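What follows is one structure encoded as structure tokens, with my remarks underneath.
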Amino acid sequence: MMGETLETRAMDTQTLEKAAVRIQSWWRGNNVRRTLLHAALRAWVIQCWWRSIQAKTLEQRRRLALRLYSCQEWAVVKMQAQVRMWQARRRFLQARQAACIIQAHWRWHASQSRGLIQGCYEVRARQMELDIEILMT
């Protein structure tokens, strides 16, 4: 390299410096891209975890709401059944009382029209008292 001039050496040095700068910028770019990729992957993992937690929480809320709704529905059904049973019992008791009154009047009328059996009786709830006199004529 004896025949080289200072200019060619300066050009070689500039070329080497440019090449070194290009290699360094390539290396830094790769490092930045790798760092960004790792950061993006970590963010993605955290987002996936957070979404799964939110989905589980939402599912728990849905189940709780469904359970509360079914309990309320069951309570409404029970109340309706109780009210209907009470109404049916009330109608039955009214019909039974009406039948007892009709029977009492019919028996009184039958005994008065025959003239053979005289007496008085009283109908009470679930118990009947009879006082009968038999007349022979």
Side-chain angles (χ1 to χ4, degrees):
M1 301 223 182
M2 292 226 184
E4 291 184 18
T5 62
L6 285 174
E7 288 180 18
T8 55
R9 275 194 179 173
M11 286 178 68
D12 286 342
T13 307
Q14 285 178 348
T15 306
L16 285 175
E17 284 178 7
K18 284 183 184 178
V21 166
R22 286 185 83 183
I23 291 171
Q24 288 172 355
S25 68
W26 174 82
W27 180 255
R28 287 185 191 121
N30 278 343
N31 278 344
V32 168
R33 282 189 289 278
R34 188 179 316 131
T35 304
L36 289 176
L37 178 64
H38 285 287
L41 287 174
R42 289 181 187 126
W44 180 75
V45 168
I46 292 170
Q47 287 171 352
C48 288
W49 171 80
W50 179 247
R51 287 182 189 127
S52 70
I53 294 296
Q54 284 181 328
K56 288 177 186 176
T57 305
L58 182 62
E59 185 62 28
Q60 287 175 348
R61 286 181 184 166
R62 284 181 184 162
R63 285 183 183 169
L64 180 62
L66 180 61
R67 192 175 301 140
L68 289 175
Y69 176 76
S70 65
C71 286
Q72 289 173 351
E73 283 293 312
W74 181 250
V76 167
V77 168
K78 292 296 269 184
M79 286 290 277
Q80 288 173 346
Q82 291 292 325
V83 168
R84 288 181 184 133
M85 183 180 69
W86 175 75
Q87 289 173 341
R89 180 163 171 73
R90 190 183 60 172
R91 284 191 298 268
F92 168 74
L93 291 175
Q94 286 174 347
R96 187 175 75 175
Q97 184 180 13
C100 288
I101 291 172
I102 291 170
Q103 287 172 354
H105 283 288
W106 179 255
R107 287 178 187 142
W108 178 82
H109 178 68
S111 68
Q112 293 296 319
S113 64
R114 277 193 225 135
L116 297 176
I117 300 176
Q118 292 181 355
C120 69
Y121 53 91
E122 192 177 310
V123 177
R124 295 184 183 160
R126 298 190 184 140
Q127 192 174 16
M128 181 185 278
E129 283 187 23
L130 291 174
D131 184 15
I132 300 174
E133 287 182 27
I134 300 175
L135 301 176
M136 301 285 263
T137 54

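All of these numbers come straight from a predicted model, not from anything done at the bench.
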Applying salt bridge (charged side-chain N to carboxylate O under 4.0 Å, His left out) to E59 and not counting sequence neighbours gives R63
Sorted by chain and residue number, the salt bridge (charged side-chain N to carboxylate O under 4.0 Å, His left out) partners of R22 (sequence neighbours excluded) come out as none
To the nearest 0.5 Å, what is the distance between [atom1] ([X]) and [atom2] ([Y])?
X   : Y   : atom1 : atom2 : result
N31 : W27 : CG    : CH2   : 5.5 Å
L36 : L41 : CG    : CG    : 11.0 Å
W49 : Q54 : CH2   : CD    : 9.5 Å
R51 : Q47 : CZ    : CD    : 5.0 Å
L68 : L64 : CG    : CG    : 4.5 Å
L16 : I23 : CG    : CD1   : 9.5 Å

query = Counting heavy atoms not belonging to R61, are there more than 12 under 6.0 Å from its CZ?
reply = no
Which of R89, R90, Q97 passes side-chain contact (heavy atoms from CB on, under 4.5 Å) with L93? It is R89
Applied to residues 26-45, the salt bridge (charged side-chain N to carboxylate O under 4.0 Å, His left out) test, sequence neighbours excluded, yields none
